[in-house]
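FYI, side chains are in, hydrogens and waters are out, and symmetry mates aren't considered; it's all heavy atoms of this structure. Convention: sequence-line order gives letters A, B, ...; per-chain numbering from 1.
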Number of protein chains: 2
Amino acid sequence: MVNYQTAVLDRTFAALADPTRRALLARLDEEEGLTVSELARPFPVSLPAIMKHLDVLSDAGLIERTKTGRTVTCQLKAAPMEQAMNWLARYERYWTEQLDRLAAFLEEDSWQANPASPSSGASKRRRRSSSRPGRSRKK
Amino acid sequence: MVNYQTAVLDRTFAALADPTRRALLARLDEEEGLTVSELARPFPVSLPAIMKHLDVLSDAGLIERTKTGRTVTCQLKAAPMEQAMNWLARYERYWTEQLDRLAAFLEEDSWQANPASPSSGASKRRRRSSSRPGRSRKK
DNA sequence: TTGATAGTTAACCATAAAGTTAAGTGTAAG
DNA sequence: CTTACACTTAACTTTATGGTTAACTATCAA
């Protein structure tokens with residue numbers, strides 16, 4: 001059902017890998033309809049450099065440019081980010097503490113001590129001896 | 001509070017921008033503790049090429065390698081992805097249809113026709129004559 | 001119409017990314 | 001002890017990225 005468009009993810013993640021481009025998107029989020037030169041102003045690089053970043057963002061479908069007279073306004077198009085989010089969501093359980101606790105529970109001795117209640121999901125999980133290094137809880 | 005570590009996001013997004021690397025992570029998700037050559041097998045590129053991808057993933061903190069004898073097993077470390085998710089979450093409202101409907105409502109003529117109820121957020125929105133191209137509602 | 005303003009394009013440079021082949025290191029097995 | 005295996009490193013090629021300066025196009029204003 002959720003068929004990941006490889007090329008979309010490639011372009012989206014690549015576009016987001018640059019701090020200048022992320023900052024450009026962030027500015028378009030907080031204020032819509034900024035022009036190219038307005039967007040470029042805060043950055044310590046030349047206008048053509050910003051132009052290239054905008055090209056990358058356009059190619060990734062993350063912005064859209066509209067020419068009006070001699071000015072060009074940019075608007076955020078977040079749609080491709082949804083795919084990126086969905087891809088990442090697959091790994092969400094790794095940092096969700098809820099599941100951390102479940103994992104801790106499954107490791108406990110008291111769990112295997114009672115074979116009277118065979119939980120369906122647990123049988124699939126074949127545990128390797130004890131090769132798990134310390135978990136790093138953050139936040 | 002959520003202070004984005006630019007360098008972390010740079011490396012994470014850059015690492016995820018390559019389809020081979022995403023596939024490597026996906027395999028480590030479905031089966032943990034794969035060795036380097038097991039990981040490399042399905043891909044149509046040389047071992048050194050995979051090695052470089054694993055280096056990129058390591059530098060991004062997305063995997064960890066453990067040497068045992070002459071084999072090296074890799075394990076997924078999804079933590080940096082959380083930062084990426086958090087960064088993307090800021091834009092989530094753009095593809096949440098709820099807000100699409102709100103936006104549609106705010107654009108309606110019937111809204112401005114009644115100046116008796118000044119909604120606070122709307123005053124910030126300064127509209128340019130009519131330079132807005134058709135909105136593309138998808139799904 | 002003359003110029004300033006907004007944006008684009010071209011040509012160039014340095015570095016990084018993604019791949020190759022070939023050779024090297026260390027461990028396991030015959 | 002020698003060979004095979006698992007992985008690593010080195011050297012090299014090609015293409016992409018991110019930046020520059022300089023020149024060009026088009027519009028708005030004096």
Side-chain angles (χ1 to χ4, degrees), chain A residues 6-28 31-75 131, chain B residues 6-25 27-28 31 33-75 128-131 133:
Chain A
T6 301
V8 171
L9 289 176
D10 287 3
R11 282 194 290 264
T12 305
F13 281 129
L16 298 181
D18 186 279
T20 303
R21 286 193 292 262
R22 286 198 305 276
L24 287 168
L25 293 174
R27 282 197 69 215
L28 283 175
E31 186 173 3
E32 62 176 314
L34 289 168
T35 70
V36 169
S37 34
E38 280 169 346
L39 274 171
R41 190 156 21 230
F43 297 97
V45 294
S46 65
L47 227 213
I50 296 294
M51 205 69 54
K52 287 191 187 179
H53 284 305
L54 294 178
D55 288 344
V56 173
L57 291 171
S58 288
D59 290 350
L62 288 166
I63 64 165
E64 211 165 81
R65 282 181 276 198
T66 334
K67 187 167 212 161
T68 318
R70 65 177 160 175
T71 74
V72 170
T73 61
C74 300
Q75 77 175 141
S131 62
Chain B
T6 302
V8 172
L9 289 176
D10 287 4
R11 282 193 290 264
T12 305
F13 282 129
L16 298 182
D18 186 280
T20 302
R21 286 193 294 261
R22 286 198 307 275
L24 287 168
L25 293 173
R27 281 197 70 216
L28 283 174
E31 186 172 2
L34 289 168
T35 70
V36 169
S37 34
E38 280 169 345
L39 274 169
R41 193 158 14 239
F43 296 97
V45 294
S46 66
L47 228 212
I50 296 294
M51 204 70 55
K52 288 192 187 177
H53 284 305
L54 294 178
D55 288 344
V56 173
L57 291 171
S58 287
D59 291 349
L62 289 166
I63 64 164
E64 211 166 81
R65 281 180 278 198
T66 336
K67 187 168 212 162
T68 318
R70 65 179 159 173
T71 73
V72 171
T73 60
C74 300
Q75 78 176 141
R128 213 165 276 41
S129 54
S130 68
S131 61

Roughly, in whole Å, what's the span from [atom1] in [X] to [atom2] in [N]?
{"X": "Asp10(A)", "N": "dA17(C)", "atom1": "CG", "atom2": "C1'", "value": "14 Å"}
{"X": "Phe43(B)", "N": "dG19(C)", "atom1": "CZ", "atom2": "C1'", "value": "15 Å"}
{"X": "Leu16(B)", "N": "dA18(C)", "atom1": "CG", "atom2": "C1'", "value": "17 Å"}
{"X": "Arg41(A)", "N": "dT5(C)", "atom1": "CZ", "atom2": "P", "value": "13 Å"}
{"X": "Lys67(B)", "N": "dA28(C)", "atom1": "NZ", "atom2": "P", "value": "11 Å"}

Nearest listed nucleotide, side chain of Ser37(B), among dT27(D), dA6(D), dT8(C):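 When the side chain of Ser37(B) is considered, dA6(D) is the closest of dT27(D), dA6(D), dT8(C).
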Could you work out which one of dT8(C), dG18(D), dA6(C) sits closest to the side chain of Val36(A)?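 Minimum distance to the Val36(A) side chain belongs to dT8(C).
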For Cys74(B) and Leu28(B), work out which heavy atoms get closest and say how close.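 That would be O-CD2, 3.4 Å.
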Do you know the tightest heavy-atom contact between Ser58(B) and Arg65(B)?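 The pair with the smallest heavy-atom distance is OG-NH2, 3.3 Å.
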By salt bridge (charged side-chain N to carboxylate O under 4.0 Å, His left out) - contacts of Arg27(A) (at least two apart):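 Testing Arg27(A) for salt bridge (charged side-chain N to carboxylate O under 4.0 Å, His left out), a comparison that skips the adjacent residues, returns none.
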Whichever of Asp18(A) and Gly69(A) has its nearest DNA chain D nucleotide further upstream toward 5':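 Its nearest nucleotide being more 5', the pick is Asp18(A).
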Take Pro44(A) and Glu38(B), find for each the nucleotide of DNA chain D with the closest heavy atom, and name the residue whose nucleotide sits nearer the 5' end.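 It is Glu38(B) whose nearest nucleotide is closer to the 5' end.
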May I ask you to test the [X]-[Y] pair for a side-chain heavy-atom distance under 4.5 Å?
{"X": "Asp10(A)", "Y": "Pro19(B)", "value": "yes"}
{"X": "Leu54(A)", "Y": "Val36(A)", "value": "yes"}
{"X": "Leu9(A)", "Y": "Leu16(B)", "value": "no"}

Specify the residues of residues 45-56 of chain B, ordered by number, for which at least one heavy atom lies under 4.0 angstrom from an atom of DNA chain C.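 Here the set is Val45(B), Ser46(B), Pro48(B), Ala49(B), Lys52(B), His53(B).
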Is there a side-chain contact between Arg65(A) and the phosphate of dG7(C), meaning an N or O under 4.0 Å from OP1 or OP2?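 False: Arg65(A) side-chain N/O out of range (4.0 Å or more) of dG7(C) OP1/OP2.
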OP1 or OP2 of dG18(D) sitting under 4.0 Å from any side-chain N/O of Arg21(A)?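 It does, given that an N or O in the side chain of Arg21(A) lies less than 4.0 Å from OP1 or OP2 of dG18(D).
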Answer with yes or no whether Arg70(B) presents, from its side chain, a donor or acceptor under 3.5 Å of a partner atom in the base of dC5(D).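 When only heavy-atom distances are counted, Arg70(B) does reach the base of dC5(D) through a donor-acceptor pair under 3.5 Å.
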Check step by step if side chain to side chain contact (heavy atoms under 4.5 Å, CB included) holds for Asp18(A) and Phe13(B). CA-CA 8 Å; Asp18(A) 186 279; Phe13(B) 282 129; over 6 Å; no
